[in-house]
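Note: hydrogens, waters and symmetry copies are ignored here, and every other heavy atom, side chains too, is used.
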Amino acid sequence: MSETLFQRALKREALVTPPIWMMRQAGRYHSHYQNMKKTYSFMDLCKNPELAAEVAMGPIRDFDFDVSILFSDLLFPLEMLGMPLTYNPGPQLGWHLENDQQLLGFKKVEEALKGMEFQAEAVRKTRELLPTSKSLIGFVGGPWTLFVYAVEGSHKGELKKSLSLMGLYKKFAELMVPFLQKNIELQLAAGAEVVLVMDTAAGEIDAAIYAEHLVGDVKKLMTSKTGYYMKHGTSAHYNSLAGHGAGFGYDHHFDMATVLKETKQGFVQGNFNQDFMTLESADFEKEFENFLAPLKKLTPAERAGWVANLGHGITPQAKEANVKRFVEGIRNAFK
């Protein structure tokens with residue numbers, strides 16, 4: 001069986017055409033997903049493996065992405081460890097983490113992990129439906145992002161409360177990191193080729209604090225089959241993880257051509273501004289060409305490892321026509 005385009009990018013082959021996918025590609029902007037939501041709740045779509053696989057396949061069929069990703073949510077580890085979780089429509093935790101005593105009520109890792117089997121089965125079902133030319137990846141939330149959700153209910157704002165509880169974070173991570181390690185293993189064993197650690201809130205804190213308190217926990221999750229992404233991260237954040245993991249995702253604040261030329265190992269994912277996916281056709285085309293221009297000047301060797309993607313997750317307001325144009329435009333620009 002020949003390797004997929006994504007697998008070749010992971011090996012940093014000098015590809016003429018990069019593999020393409022989008023964060024949150026199976027979601028609210030997509031008519032396929034909207035139609036399924038008329039019948040099923042978000043929890044149904046996540047926890048029923050057949051439904052999760054069908055949601056994941058929608059953007060593969062409609063847009064011909066090179067990569068499919070497990071359809072799920074990063075907060076389920078909190079639920080399985082003992083925090084009630086509902087969606088109405090966004091996530092709502094039954095209580096918020098405030099002190100060490102609450103951690104004593106968390107389940108043991110092995111017991112809680114049994115509750116994540118639906119993710120493994122969703123990976124297996126998705127792989128059964130995927131063409132062999134397409135890759136499949138999984139994901140987990142990063143430890144800091146999960147802590148922020150546990151404390152604040154979201155990761156919007158300045159994260160003052162979370163930052164004031166760094167001692168509590170340390171004890172939280174002692175429970176969560178082993179859980180995430182096992183969850184990553186579960187997805188890989190089920191057929192995921194790589195698992196991304198989506199630590200979106202990590203880049204929103206000072207790089208010095210990140211290096212002092214968080215980077216050690218992240219490194220425990222980084223293997224040859226684990227990638228990493230943070231939102232608003234800086235070069236200092238990423239430099240602290242140099243030499244670890246399968247690769248990194250970068251948001252649109254980075255100059256992708258520069259990142260590609262400077263990166264010597266692992267994949268590089270990104271980083272078209274996701275907000276541009278909401279623009280009218282002419283405006284989208286202008287921004288897309290601006291994004292492509294410096295990348296077209298690079299040789300395939302200089303672009304080695306590139307996985308074409310957005311800087312962050314596609315928004316509900318994105319236009320399907322722009323998604324199609326993005327995929328077609330990448331393939332036409334690099335052929």
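Listed here is the closest heavy atom pair of M166 and L163: CG-O, 3.3 Å. Across K182 and E110, no two heavy atoms sit closer than the pair CE-OE2, 3.6 Å. When all heavy atoms of L260 and A304 are compared, the closest pair comes out as CD2-O, 4.3 Å. When all heavy atoms of P18 and V16 are compared, the closest pair comes out as CD-O, 3.9 Å. T315 approaches Q274 most closely through the heavy-atom pair CG2-CG, 4.4 Å. Between L292 and G329, the closest heavy-atom pair is CD1-O, 4.4 Å.
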Test ring pair (Phe, Tyr, Trp, His ring centres under 6.0 Å) on F334 and W306 and set out the steps.
CA-CA 12 Å; F334 306 100; W306 183 35; 5.5 Å; yes
Step by step, work out the side chain to side chain contact (heavy atoms under 4.5 Å, CB included) result for M222 and F248.
CA-CA 10 Å; M222 300 298 284; F248 299 97; 4.0 Å; yes
Please test V259 against Y238 for side chain to side chain contact (heavy atoms under 4.5 Å, CB included), starting from the C-alpha separation and ending with a verdict.
CA-CA 11 Å; V259 172; Y238 285 100; over 6 Å; no
Applying side chain to side chain contact (heavy atoms under 4.5 Å, CB included) to V67 and I20, what does each step give before you reach the verdict?
CA-CA 7 Å; V67 182; I20 309 164; over 6 Å; no
Check step by step if side chain to side chain contact (heavy atoms under 4.5 Å, CB included) holds for V218 and L221.
CA-CA 5 Å; V218 174; L221 301 177; 5.6 Å; no
Pair R303-E13, salt bridge (charged side-chain N to carboxylate O under 4.0 Å, His left out): steps then yes or no:
CA-CA 9 Å; R303 290 188 279 103; E13 289 188 27; over 6 Å; no
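A distance-only check finds no donor-acceptor pair linking the side chain of H253 to the backbone of G311 [under 3.5 Å]. At distances below 3.5 Å, not a single donor-acceptor pair connects side-chain atoms of S240 with backbone N or O atoms of A211. Although no hydrogens or angles enter the test, the distance criterion places no donor-acceptor pair under 3.5 Å between the side chain of N309 and the main chain of N271. Here the side chain of E287 pairs no donor or acceptor atom with the backbone of F284 at under 3.5 angstrom. Under the 3.5 Å distance criterion, the side-chain polar atoms of H213 are left unmatched by any main-chain donor or acceptor of Y210. D217 places no side-chain N or O within donor-acceptor distance of the main-chain N or O of A173, the cut-off being under 3.5 Å. Counting only distance, with no hydrogens or angles, the side chain of N332 and the backbone of E328 share a donor-acceptor pair below 3.5 Å. A distance-only check finds no donor-acceptor pair linking the side chain of D283 to the backbone of L279 [under 3.5 Å].
The six-membered or imidazole ring of H252 lies away from that of F276, with a centre-to-centre distance of 6.0 Å or more. A centroid separation of 6.0 Å or more is found between the aromatic rings of W144 and Y149. Between F42 and Y33, the ring center distance fails the sub-6.0 Å criterion. Aromatic rings from Y229 and Y250 are positioned such that their centres are separated by 6.0 Å or more. In this structure, the ring of F272 has its center less than 6.0 angstrom from the ring center of F288.
Under the 30°/60° scheme for interplanar angles, the aromatic rings of F172 and F106 are found to stand perpendicular.
For H30 and D62, the side-chain atoms include at least one donor-acceptor pair closer than 3.5 Å. H96 and Q102 are not linked by any side-chain donor-acceptor pair at a separation below 3.5 angstrom, with hydrogens and angles left out of the test. No hydrogens or angles considered: a donor-acceptor pair under 3.5 Å links the side chains of S135 and T4. Side chains of D199 and Y228: a donor on one and an acceptor on the other come within 3.5 Å.
Here the CG-CD distance, from D206 to E212, works out to 10.0 Å after rounding to the nearest 0.5 Å. In this structure, Q7 CD and S2 OG are separated by 8.5 Å, a value rounded to the nearest 0.5 Å. One distance of note links CG of L97 with CE of M83; it measures 6.0 Å at 0.5 Å rounding. Atom CG in L113 sits 9.0 Å away from atom CD in E185 (nearest 0.5 Å). Annotation: the span from L196 atom CG to Q269 atom CD amounts to 5.5 Å, rounded to 0.5 Å. Between atom CD of residue E320 and atom CG of residue N322 there is a gap of 10.5 Å, rounded to the nearest 0.5 Å.
Taken together through direct or relayed side-chain contacts under 4.5 Å among Ile, Leu, Val, Met, Phe, Trp and Tyr, L103 and L85 form part of one hydrophobic cluster. When hydrophobic clusters are built by joining Ile, Leu, Val, Met, Phe, Trp and Tyr residues whose side-chain heavy atoms come closer than 4.5 Å, directly or via intermediates, V327 is not grouped with L5. Hydrophobic clustering, with ILVMFWY side chains joined whenever heavy atoms are under 4.5 angstrom apart, keeps M256 apart from L15.
Classification of E285 and R325 as a salt-bridged pair holds, one side-chain N sitting under 4.0 Å from a carboxylate O. With salt bridges taken as basic N to acidic carboxylate O contacts below 4.0 Å, none links K261 and D255. Salt bridge D100/K171: present, at least one basic N to carboxylate O contact under 4.0 Å. With respect to the salt-bridge test (charged N to carboxylate O, under 4.0 angstrom), the residues E193 and R127 qualify. With respect to R124 and E117, a salt bridge is recorded, a charged nitrogen being found less than 4.0 Å from a carboxylate O. Ion pairing of E50 with K125 is present here, as a side-chain N (NZ or NE/NH1/NH2) and a carboxylate O approach within less than 4.0 Å. Between E280 and K319, at least one side-chain nitrogen of the basic residue sits less than 4.0 Å from a carboxylate oxygen of the acidic one, meeting the salt-bridge criterion. Under the 4.0 Å criterion applied to side-chain N and carboxylate O atoms, D64 and K324 are not assigned as salt-bridge partners. With respect to E3 and K11, a salt bridge is recorded, a charged nitrogen being found less than 4.0 Å from a carboxylate O.
Between P143 and Y169 there is a side-chain heavy-atom pair separated by less than 4.5 Å. Taking the side chain as every heavy atom from C-beta outward, Q34 and R28 never approach each other to under 4.5 Å. A heavy-atom distance below 4.5 Å is not found between the side chains of I137 and L70. Side-chain contact between L74 and L146 is present, with at least one heavy-atom pair separated by less than 4.5 Å. The shortest side-chain heavy-atom distance between E204 and M230 does not fall under the 4.5 Å cut-off. Looking at heavy atoms from C-beta onward, F147 lies in side-chain contact with L168 at the 4.5 angstrom threshold. The shortest distance between side-chain heavy atoms of E98 and K161 falls below 4.5 Å. Between V109 and L175, the closest side-chain pair of non-hydrogen atoms is not below 4.5 Å.
Sparse packing is recorded around NZ of K225, with 12 or fewer heavy atoms of other residues, nucleotides or ligands lying under 6.0 Å away. Taking a 6.0 Å sphere around OH of Y87, one finds it holds more than 12 heavy atoms contributed by other residues, nucleotides or ligands. Counting non-hydrogen atoms of neighbouring residues, nucleotides and ligands closer than 6.0 angstrom, the NZ atom of K47 exceeds 12 such neighbours. Surrounding NZ of K170 are at most 12 heavy atoms belonging to other residues, nucleotides or ligands under 6.0 Å away.
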